[in-house]
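Below: one structure, written as structure tokens.
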Amino acid sequence: MGITVYAGYDFDKIGKQFRLDGEISRIEQINSGNINKTFKVTYRLGDGTLKPFLFQKVNTYVFKNPVEVMENIDKVTTHIYNKRGGVNALHFHHTADRKNYYFEEGTDYFWRVRNFFESVTFDVCTDLRVIRLAGIAFGSFQLDLRDFDATLLHETIADFHNTKKRLNKLFDDAKSDEFKRAAEVGRELDYIASKYEKACTLTDLLEKGMLPLRVTHNDTKVNNVLFNVEDQSPLTVIDLDTVMPGLVGYDFGDAIRFASNSAPEDEKDLTKVGLNIDNFKAFTEGFLSCVGPYLTQNEIDTLALSAFCITIELASRFLDDYLTGDKYFKVCYPGHNLVRTRSQLALAADMEGKLDEMQGIVRECARLYGGAR
Ligand code: GN1
Ligand code: MG
């Protein structure tokens, strides 16, 4: 047996809870994601073959009720597994008492284990074909869940994409200014305040009943799509922690925020940050080729704007975390959340200047692939 304790966690003990066979031969940390801790743990089976699993320690500060998260995941993955006949589907392992998690009550020791996919992911996208395929992957995810009963889902993080509440919280926390950081971010706060109405458009329309709630993924970064190593065809969408009723625009917009940005989410050099219109077009084509026929006119009309709204929303969340002591998002260095904020605000500003062009592309794709008039 190789090393079984890694980063302070006893993986042999955790694996035994999930009744995994064999012995651990290798453990690697996967440094993607801003919330949970992820590890690839490879087992050597009795016949000598190697079998990798994905172990995740769920962040119980972010997910106050992780059991509900896992209940949602159980239902959604079962639904998709059945739809896809088990091909390229996520499968979570169960403990002896039939739970898809292992939790030491009263601690933050909350683990889950799923099948590992040999795959490739993209943090920055340049290949238009891959971006179009990412659009198809998230569009298909929507389609797979069209007949899923949304009332079965727990709201695992209340008001997760309620832009208005996110912005109000930011301004409240800036006022309390517990960590004495508000003075240095006056410009960012002023900019967000000046975009308040526009950024809250989707939230307002939802409140007025003019946009429908659907089952959405709510974290549609392109690096949440696993692609085949050989031909880059999409295998599956991962990270189902925030699958909840939501707005299709926010799934679309969050994917655009990530896939159309010519720089990483936390780029320091703001001259590199901006919306690449070719990427935008590629993702929109893929996404609308799947869901176009099912969207309402209001949804189509607000798709481009949704990218701006969610980008301002995320900038506000990063800034709020900065102001309240960096407790929510993993940070790699002091000021990381402020760097993220500035980068996302630069992206939002660039998007704002391109909204007409973006909406023109949406309209053209909706016409091509069907959709409300
Ligand atoms: C978080 O952990 P990760 O990277 O999948 C966050 C998303 C943000 C994203 C920004 C539960 O997702 O909402 O858009 O960081 N997830 C949660 O990178 O808050
Ligand atoms: Mg996530």
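All ligand and atom numbering here is 1-based and tracks the order in the structure.
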Atoms of ligand 1 close to Glu265 [distance to a heavy atom under 4.0 angstrom, numbered from 1]:
10 (C), 18 (O)
Once you measure the plane-to-plane angle for Phe53 and Tyr43, does it fall in the parallel (<30°), tilted (30-60°) or perpendicular (>60°) bin?
perpendicular
Applying a 4.0 Å heavy-atom criterion (strictly less than), which segment of Asp241 is in contact with ligand 1: side chain, backbone, both, or neither?
neither
N/O to N/O below 3.5 Å, does that happen between His161 and ligand 1?
no
Please walk me through it: do Asn100 and His93 pass side chain to side chain donor-acceptor pair (under 3.5 Å)?
CA-CA 6 Å; Asn100 59 354; His93 290 266; over 6 Å; no
Straight-line distance of Asn36 CG to Asn59 CG, nearest 0.5 Å:
6.0 Å
Would you say Thr242 has any N or O atom under 3.5 Å from an N or O of ligand 1, going by distance alone?
no
4.0 Å heavy-atom contact, Arg317 with ligand 1:
yes
Check the angle between the aromatic planes of Tyr102 and Tyr109 and answer parallel, tilted or perpendicular using the 30° and 60° thresholds.
perpendicular
Using a 4.0 Å cutoff against the non-hydrogen atoms of Phe63, which atoms of ligand 1 qualify?
11 (C)
All side-chain hydrogen bond (donor to acceptor under 3.5 Å, both in side chains) counterparts of Asn65, not counting sequence neighbours
Glu68
Just let me know how Asn34 lines up against ligand 1, side chain, backbone, both or neither, with a heavy-atom cut-off below 4.0 Å.
both
Do any N/O atoms on Tyr328 end up under 3.5 angstrom from N/O atoms on ligand 1?
yes
Tyr9 and Trp111: ring-ring contact (aromatic ring centres under 6.0 Å, His included), yes or no, with the steps?
CA-CA 11 Å; Tyr9 304 118; Trp111 288 88; 5.2 Å; yes
Work out whether the distance between some heavy atom of Phe258 and some atom of ligand 1 is less than 4.0 Å.
no
Could you tell me whether Phe329 and ligand 1 have an N or O pair separated by under 3.5 Å?
no
Any N or O of Lys221 that comes nearer than 3.5 Å to an N or O of ligand 1?
yes
Applying a heavy-atom cut-off of 4.0 Å, say which part of Asp239 lies close to ligand 1: side chain, backbone, both or neither.
side chain
Take the angle between the ring planes of Phe252 and Phe287 and call it parallel below 30°, perpendicular above 60°, tilted in between.
tilted
Please list, chain by chain and in numerical order, all residues satisfying side-chain hydrogen bond (donor to acceptor under 3.5 Å, both in side chains) with Ser233, sequence neighbours excluded.
Asp231
